[in-house]
Every structure is written in structure tokens, then in C-alpha cells.
Amino acid sequence: MTDTSWWRRAVVYQVYIRSFADGSGDGIGDIAGLRSRLGHLRDLGVDAIWINPWYASPQADAGYDVADYRAIDPAYGTVAEACWLIEEAHALGIRVVLDIVPNHTSAEHPWFQSALAGDPEARARYLFRPGRGEHGELPPNNWRSVFGGPAWTRVVVPDGTAGEWYCHLFAPAQPDLDWSNPEVAAEFEDILRFWFDKGVDGFRIDVANALAKAPGLPDAPDAAAGGPFVHPAWDQDAVHDIFRGWRKVADEYGDRVFVAEAWVEGERLARYLRPDELHTAFGFAFLGSSFVASVLEESIQGELDSARLVGAPATWVISNHDVVRHATRFARSQPDHPFTSHWDQDRWGAEEPDLALGLRRARAAALLTLGLPGTTYLYQGEELGLPEFEDMPVEARQDPQVIQAAGKVIGRDGCRVPLPWSGSTPPYGFGGAPTWLPQPEGWASYAADVQETDPDSTLTLYRRAVELRAKLLLHDDLAWLSAPDGVLAFARGDLQVWVNTTGDPVALPGTLLLGSDPGAEPGVLPGDAAAWIVVTGA
């Protein structure tokens, strides 16, 4: 029997709530703003929205430092407003997926505050350890924070002397929980039920592969030493017992879904997707894929192979809140190999972007990703063709990566800029001004109201693609087709997807249904463009 669960072929729209729409007029996106723009999402045709953390938080890392998982941050609204949003979205046929952050809490979470005050029960919920060295002056091990520096911070005990260290794989304001403590597991299963009871349709799990740590918290091996590199803080086998417990909770509520942010590959990733664990996991290969046919094809095949190992749907993500927007990633020369967002940022000063070219390629990439089998995630603003705000002043950036590196890295704020909805100058109809992150001048042409009535706009292209996908791409088949060098082509039943990553036009063999280049001549696929076609008699 074929599994027809909604999430296997859904188009999910990522709402970075702080930057989506501002209903209160304070320059910060909120639930009221999101509710006011549900019509945009309905018209786009998405099946679900995934909302980045909206919980009560001091915002040391844009909400990924949670102080209360059962409360809404006052900047965003209230739990009552959240329930209204869920009800209104459901009335429009849009499901709601929340972000959950189980690896760490905020340092202002009541549990951690009690731990700092010396409560042994609270302290046992986190990873507190004595330091090394004669006086405990050295961190307990050599782990490094994802944001830079040691993954340990030493606390000062109430009498003013230096005490133990606590682990934080991210910022010091994000202390890691000890998932070997059954109280932690029980708390999060109760949090899941709290939101499921309010009608939430699923959860995206932040850094799902980090929850379990190796017993004894040993030093990490030297990655340069050769051989398999298994970090004791990541992808430990014990994590799977945690998610088996979560799956039992979700199954109590029927057709709910988990999607894992798990930075592992191949068979290791497939283990998270076994029938009694999580339903799906993000496929991140596209985040590092250049706009080169061979690189894109390799990325696609790798994701399909991983998903097939356990019968899970493939998932496709070409932009999100952590990487350079792909309209800018594709605006410079493209290497014949995958690359990282950091590598791309390093090129900013050396190579000027061609944003018109980047947008052409981004439109082509939209038809590619929406033409693939499985679940497609859209990051807010990509339907408008937004580029990265590369020139945002360092002093305006709020990413903890920038703060911990003392401004020596650019961070992720350039992809988190508040959306332009209308008007010719900031705040472009977003809400109050100034916005929490500055918007660049010159974004009027990207505004949703301008694109709304333009049949050739990027917004119109996305709407049409999502509509056709829902009507025509109902099965999980994919067959690669022979194509000229630099061109990627595959068939999905009667529909074929062609992507030309070269600068030269090629002939198209069938009838055009939808093309990324509205000025293309019949039977021709221009350079840096994509098309959906039907070939009669094929």
C-alpha cells in the first residue's frame, strides 16, 4: 500500500517569524503580521508552514535560546494568538509545523537559573563538569563551539569563587541539556503534547543529531589524523532511543510529522528515518550545490538514494535562515564541485555579484526543486527572488556568530532581512520602522505587491509551479534523461524537467508548460534557465 501522508509530497514554507511581517508596528515580525499575510501563503499554494522558534526567549540567538517552551515571546504575541493562527491556517488548508530546540535551553531558563544557584537536581539536567588542570582552570575536554571558541564556560558559584564548567555546543547563552537524565526526556515529551493539543501538525527538530553525547564526554579526535571521524558530541547511537519516544507521542495524535535537522549523510542519516523514529530529515546537499548540472545531479541522486534506504521521502532545501540566499550564491562564478556558505562569503570582496544572472539561475532552481519527488521547503522571500543583503554594516548584525568572532565573520543576518511587501522605500510595508535588521535601498522591485500583477515575476513563477506540481506530479518516479553537456534533465511521468546550467541555448524536445525565462523562443531553452515540458509520443 502506498503511503499518502500529506508530508511526503508537501510544499512547506519556512517562516522566519521575526522577519516575515510586523503587525504591532515595532519593527519586529510577529504572529499578528503572519496572520495578516496568510492570504499570500494561500495564494502561493503551500501545504504547510514551518515557523522558526517563537517561544519566550532573550533572543541571544534569534529564539534558538528558549526560556519557556510553553510560552510565546511577548515580541511575537501570546499563546492565544498562536492558537488563532493555527485555526486560521487550517481553515485555509495550511498545516503548521513548529521548530523545537531540544539540545539546549536559554541560560535564562528556570532550570538553568536553578542550576547556577546550586540546585543539584537542576544541575543534573545539564552537562556540568569539573575542569581539568591543577585548579580546574582548563575546560573538561577539547570540544569547540559551533560559533567559535571552547564549548565550555566556567561558572562562578554563589560565594564568588570559580566553579564547574558547563557545556554549550553553540553560544554560552545556550547551555546543553543532559539527555541521559530521564527528567529531560519527560519534559520534552510533555512539551510535544502541549503543542499537539493545540493543533500543531509537526515539529522541525533543531540539531537533532546532537542530543546524545558519548559517555564520559571524551576529547574529540583529531579530524586530520585520518580514518572515520566520530565526534563524541554528535550523531551518537543513544539519540535514536530519544526519537523512538518522540515517535510514540506523535503517533498518539495521528497524522503528525517530525523533520530532523541532522547534519549526517547516507546510511547514518537513514537511521534517523527508521519506521519507529522520525518521518523525514532535511536534505542539505542543495545548500552547497553550485549551479552546475553535474553537481546538481549528483546532489539529487545522493538524496534520493539516502531516502530510499528506509522508504522516506526525499526533502529539498535550497535556501534557509542559515545560509547565503541562493539568488546571491548563484550570482558569481560557479565551481564544478559543492561548496560551503562560508566559502561563498569569502568571495564577496574578490568577485562582484551579477544579481541579474543570480536571479535567472534562482528562477531555474525553483523549477528544479519543485519538480523533484518528495517534500520541498521554500525559505521566505525566495518566491520574491530576494538576494542576500551582503553590504549590511557589521554594527547592525545580530548573529551570535558575528559577536563571538568580534566581527571577523559576516554571519547569517544577510539572509534574515525583513521582507518587502509594498512601497518604494524601507520598511517596504513590513510594518514599523526601523526594522530589527536594516533593509537595503533598492528592494522596491522585489516587493510582493509589484510582483502580484506581473505575469513574468518570480512570485508568479512560484505560484504557477506550485499549482502545476499539485496537479501533475503525484508520484515519486524519476528517470534521468540524456541531455547535452551542462544540461540536467529528468522525467516525472509525462512531465519532463530540463535545466540548462550553461550560457548557451539548447533545443527543447516537447511542449512547454512552464519556463523560468518568460522571453524564451518556442522549442528553445536559454542559458541559465529551466523548463517543464511534455513530450508527446515519448
Whether the side chain of Ser457 engages the backbone of Thr460 through a donor-acceptor N/O pair (distance < 3.5 Å, no angle test) should be reported. yes

Only one of Glu351, Glu352, Glu390, Glu388 clears salt bridge (charged side-chain N to carboxylate O under 4.0 Å, His left out) with Arg332; which? Glu390

Are the aromatic ring centres of Phe170 and Tyr64 under 6.0 angstrom apart? no

Would you call the rings of Phe20 and Trp421 parallel, tilted or perpendicular if under 30° counts as parallel and over 60° as perpendicular? perpendicular

Going by atom types only, do Gln398 and Asp413 share a side-chain donor-acceptor pair under 3.5 Å? no

Contacts of type ring-ring contact (aromatic ring centres under 6.0 Å, His included), residue Tyr16, not counting sequence neighbours: His321

Of all residues at least two apart in sequence or in a different chain, which pass the side-chain hydrogen bond (donor to acceptor under 3.5 Å, both in side chains) check with Asp47? none

Identified side chain to side chain donor-acceptor pair (under 3.5 Å) counterpart of Ser319 within the set Glu382, His326, Gln380: His326

Which residues pass the ring-ring contact (aromatic ring centres under 6.0 Å, His included) test with His90, sequence neighbours left out? none

Evaluate whether atom CD of Glu267 has more than 12 neighbouring non-hydrogen atoms of other residues, nucleotides or ligands under 6.0 angstrom away. no

Ion pair present between Asp476 and Arg9, side-chain N to carboxylate O less than 4.0 angstrom? yes

Is the ring pair Phe282/Tyr377 parallel, tilted or perpendicular, if the boundaries are 30 and 60 degrees? perpendicular

Glu298: partners by salt bridge (charged side-chain N to carboxylate O under 4.0 Å, His left out), with sequence neighbours left out: none

Applying side-chain hydrogen bond (donor to acceptor under 3.5 Å, both in side chains), name anything that partners Asp391, two or more places apart in sequence or on another chain. none

How would you list, by chain and number, every residue that makes a ring-ring contact (aromatic ring centres under 6.0 Å, His included) with Trp84, sequence neighbours excluded? none

Kindly state each residue pair satisfying ring pair (Phe, Tyr, Trp, His ring centres under 6.0 Å) with at least one member in residues 455-481, sequence neighbours excluded. Trp480-Phe490

Closest heavy-atom pair and its distance - Pro400, Asp61: CG-OD1, 3.3 Å

With a sphere of 6.0 Å drawn around CD of Glu87, does it hold more than 12 non-hydrogen atoms of other residues, nucleotides or ligands? no

Going by the angle between their ring planes, with limits at 30° and 60°, are Phe203 and Phe196 parallel, tilted or perpendicular? perpendicular

Leu437 and Pro418 have their tightest heavy-atom pair at O-CD, 3.5 Å

Please enumerate all residues that pass salt bridge (charged side-chain N to carboxylate O under 4.0 Å, His left out) together with Arg469, with sequence neighbours excluded. none

Do the rings of Phe258 and Trp246 sit parallel, tilted or perpendicular, given the 30° and 60° boundaries? tilted

Ser445: partners by side-chain hydrogen bond (donor to acceptor under 3.5 Å, both in side chains), with sequence neighbours left out: none

Tell me whether Arg274 contacts the main-chain N or O of Arg271 through its side chain, where contact means a donor paired with an acceptor under 3.5 Å. yes

Would Leu367 and Val499 satisfy side chain to side chain contact (heavy atoms under 4.5 Å, CB included), going step by step from the backbone distance to the final call? CA-CA 8 Å; Leu367 293 192; Val499 183; over 6 Å; no

List in chain and number order the residues that pass salt bridge (charged side-chain N to carboxylate O under 4.0 Å, His left out) with Arg256, two or more places apart in sequence or in another chain; answer none if no residue qualifies. none

According to side-chain hydrogen bond (donor to acceptor under 3.5 Å, both in side chains), who are the partners of Ser422, at least two apart in sequence or on a separate chain? none

Decide if atom CG of Asp456 counts as having more than 12 heavy atoms of other residues, nucleotides or ligands within a radius under 6.0 Å. yes

What do you reckon, is CG of Asp346 surrounded by more than 12 foreign heavy atoms closer than 6.0 Å? yes

Tell me every residue that passes ring-ring contact (aromatic ring centres under 6.0 Å, His included) with Phe286, counting only those two or more places apart in sequence or in another chain. Trp316

